[in-house]
Amino acid sequence: MDMPAANADILARRDAIVARLAEALPEDALISDPRQTRAYDCDALSIYSCPPLAVTLPRTTEEVATVLRICSDEGVPVIPRGSGTGLTGGALPTADAVVLGVARMNAVLETDYDNRLIRVQTGRTNLSVTGAVEADGWFYAPDPSSQLACAIAGNIAMNSGGAHCLKYGVTTNNLLGVTFVTMAGEIMEIGGPAMDAAGYDLLGLICGSEGQLGVVTEATLRILPKPEGARPILIAYDSAVTAGACVSDIIRAGVLPVAIEFMDKPIIHLTEAFVGAGYPMDAEALLIVEVEGSKAEIDDQLARIKAIAQRHNPTTLRESASEAQSKAIWAGRKAAFGATGQVADYLCMDGTIPTSALPETLGRMTELASDYGLRVANVFHAGDGNLHPLIMFDANDPEELRKAEALGAEILLLCVEQGGCLTGEHGVGVEKRDLMGRQYGQADLEAQMAMKDVFDPAWLLNPAKVFPLDMRNGRRV
Amino acid sequence: MQEPRDEAELAEAIAGLTEPVEIRGGGSRLGLGRPVQAGATLSTAGLSGVKLYEPGALTLVAGAGTPLAEIEALLAAEKQRLAFEPMDHRPLLGAGGEPTIGGVTACNVSGPRRVQSGACRDALLGVRFVDGTGQVLRNGGRVMKNVTGYDLVKLLAGSWGTLGVLTELAFKLAPAPEAAATLTLRGLSDAEALGAMTAALGSPYDVSGAAHLPGAEPRTLIRVEGLGPSVAYRTGRLARLLGKFGPVETEDDPASVAAEWAGVRDVTAFADRPGAVWRVSLRPSDAPGFVAGLGEDAAPEAALYDWGGGLVWLLAPETDAAAAAIRAAAARLKGHATLVRAAAPYRAAAGAFQPEAPALAALSEGVRAKFDPRGLLNPGRMRG
């Protein structure tokens, strides 16, 4: 992965730029000592890192605008950053860039149950949005697995999903409005408390634009009344094909579970060794299907799902009858990444495929992994086709890293070939940037880049992400 | 009128344009928006047909010119549907024509189920379209989760044919419910009705419609849909919850429930009454105050609340003073008012859409200039 060379002119003006920021910001809102900026050298794709020119940590929208105005004036790139939990290098700095972190902006600005919304500063973590309304019986639906740490700012930048998208949608379906600051430092309100806005859907364009169109400092989010209860069922099969057919039949039957999670044999064994959730070790594929409602509603839905599952001859069928049993069923799934991390370094892929292409894709993926001599474990959201192959490798061995990245790219291209896409919820960042030309033609990418031309004509925001460097037609770099 | 037979012909036709065109799907919504200043018409009727339907993946891909009725019939046969419940504008506009899926998307047409399942743009997974220079472009895809690059899908939904001509659309579908029921409260004031709708939408009973029809005999309607036992249970719970607002009647005959909500969706109450029809989107709790506070100049002859109050339909005098008052009141509440039905000169003068703040308007203008640099697609539809 190549990053453009730092702009020597900006590096030469470093002290002057830092001084100008220092003058405009409160003392603790600026970090310029390289020893202290180290925590901002990378995000959760930690195989890539680079010390930034400086880090700013504003507390208000006005301070964000100040940073952007100064950087715009100085021609300095800006890297917006939430909590730094992104998996694709979307917050990876360049040496000539100022990191703009919103982590200190974490207040709840307004809670409005009558209108089913909450307004927060975007440095607030995903889970603490739910935390602010939970006691009153409400929740915020998108639940990326990093939800304990990830910020709403990053959720909006990447249009984050989670395990419950089948019923509740992803971030863009739960976002009503934003306070947005352009690279020029102009503050604007887009959307708001109403369910739609006048004019083009700029809110829809901003959500998922990976911090390249502007910086979102406040967000109005839709909140929902908590369901009365939720309970999972565990279904195991001796083949992935059968499990895929079962998923399709459940969906066709008109039961809409809130989550359908799929785990393959390698990940079942890894998690079992790690947390001992009591998963069936003979299974080739395991489904966790969760439904919501009152006790009677849950019983009715689970009975229907069980009947469908039984038609496919499951090797194990385990319906939760208590809170403890529900926890046990989820324990292995929730520990999947941690369990994998115990035995190896891993790259987490994020392609999406049509659910009908599941069996073929899994088969081809196994062949690819064996060609590369690498182990791949699969855990994914089966209801929506969002795969998370975990490619295991040894990060101390540069050749293994190279091989793991090459395998990852081939897996994602397989997803595209099957009618899917490169990324379902993690974003493009730097990780998948150079594959974009395989998903979209030059004209399709030009149309997207034209939007950046409108919002950020000098291409200063979050440079070298999303679009392949050689497909930018001379735009910056 | 040009009627290309496929996407390539459409692209060629647009590349060869020398004058502005009005884009036409099935012709049922041409009366929406400002009147277009164009001498020619370009039809998408030839781009018709379902390309892919996978019930087990809840996915449909269809040409933009495909009649909505054809899609709805196809889905119904598999006990599925479009979750966003698109409004049929024909009764309200007194229009003919045949609604197409492209027209639904271009106008981001949604219905009462918006409160539960989102708008058209939320179900839209992918688009193919031809921009104003004749380039064929695509964005999104056919899968439910996709963050690969910028989301132009949402941008194209509700762009009223001014950014490009849609050629093919992919949608996420929903199961059709096994059962449905409407709970009705009678005689509530607008403020009481808002309280009832808010209580229902704030409950865990997954309400899929909340509307209030004021008038001589006001009715407040709450809808639940889903599996049979579930609907029975939730109807009972809601009846208890709403009991403090008055006696609750329950209707669970599928045809009656469907007819009732089709009436709400299509605002048929205003269909045969003269006057300008406005669609106002705002914070639900502001709705009764908004309607009551419009003042003498804009005092509506009738109002209808959908989306639990988040959407207000007004039947108002077709006067400059009324337009100004409605727009100003909506803006004060951070909402927006769209003029849906009125004589063409009035729509041209008052504008169909609420003006955006200057900074946003500049961005929107920039976006439009990128997609349609010659300004040939539906000029005037959104802005004068």
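Please read these numbers as outputs of a predicted model, since none were measured by experiment. First the proteins, then the strands, lettered A, B, ... as listed; each starts at 1.
Ranking Ser356(A), Gly192(A), Gly169(A) against chain B, the residue ahead of the rest is Ser356(A), based on heavy-atom pairs under 4.5 Å. In terms of heavy-atom pairs under 4.5 Å with chain B, the best-connected choice from Ile190(A), Val466(A), Val454(A), Ile353(A) is Val454(A).
Heavy atoms of Arg279(B) lying under 4.5 Å from chain A belong exclusively to its side chain. For chain A, no part of Val153(B) is nearby; none of its heavy atoms comes within less than 4.5 Å. Of the two parts of Leu201(B), the backbone and the side chain both hold a non-hydrogen atom closer than 4.5 Å to a non-hydrogen atom of chain A. When heavy atoms are compared at a cutoff of 4.5 Å, Phe353(B) does not approach chain A at all. Using a 4.5 Å cut-off between heavy atoms, Thr172(A) touches chain B through backbone and side chain atoms alike.
Contacts of residues 201-208 of chain A with chain B at a heavy-atom distance below 4.5 Å involve Asp201(A), Leu202(A), Gly204(A), Leu205(A), Cys207(A), Gly208(A), listed in sequence order. Proximity to chain B at a heavy-atom threshold of 4.5 Å picks out Met436(A), Gln439(A), Tyr440(A), Gly441(A) from residues 433-441 of chain A, in numerical order.
Within a 6.0 Å radius of NZ in Lys51(B), other residues, nucleotides and ligands contribute more than 12 heavy atoms.
Taking the centre of each ring, Phe467(A) and Tyr150(B) come in below the 6.0 Å mark.
Judged purely by atom type and a 3.5 angstrom limit, Thr423(A) has no side-chain atom pairing as donor or acceptor with the backbone of Thr148(B). With hydrogens and angles ignored, the 3.5 Å screen pairs a side-chain donor or acceptor of Arg114(B) with a backbone N or O of Met195(A).
Listed by first and then second residue, the side chain to side chain donor-acceptor pair (under 3.5 Å) pairs that reach into residues 193-206 of chain B are Gln116(B)-Asp206(B), sequence neighbours excluded.
For the pair Val147(B)/Met158(A), no side-chain contact is recorded, criterion being any heavy-atom separation below 4.5 Å from C-beta on. Leu363(B) places none of its side-chain heavy atoms less than 4.5 Å from the side chain of Tyr200(A).
With sequence neighbours excluded, the residues that form a side-chain hydrogen bond (donor to acceptor under 3.5 Å, both in side chains) with Glu178(B) are Arg304(A).
Side-chain N/O atoms of Thr352(A) and Asn146(B) include no donor and acceptor closer than 3.5 Å.
At a threshold of 4.0 Å, the pair Arg283(B)-Glu110(A) counts as salt-bridged, since one of the basic side-chain nitrogens sits closer than that to a carboxylate oxygen.
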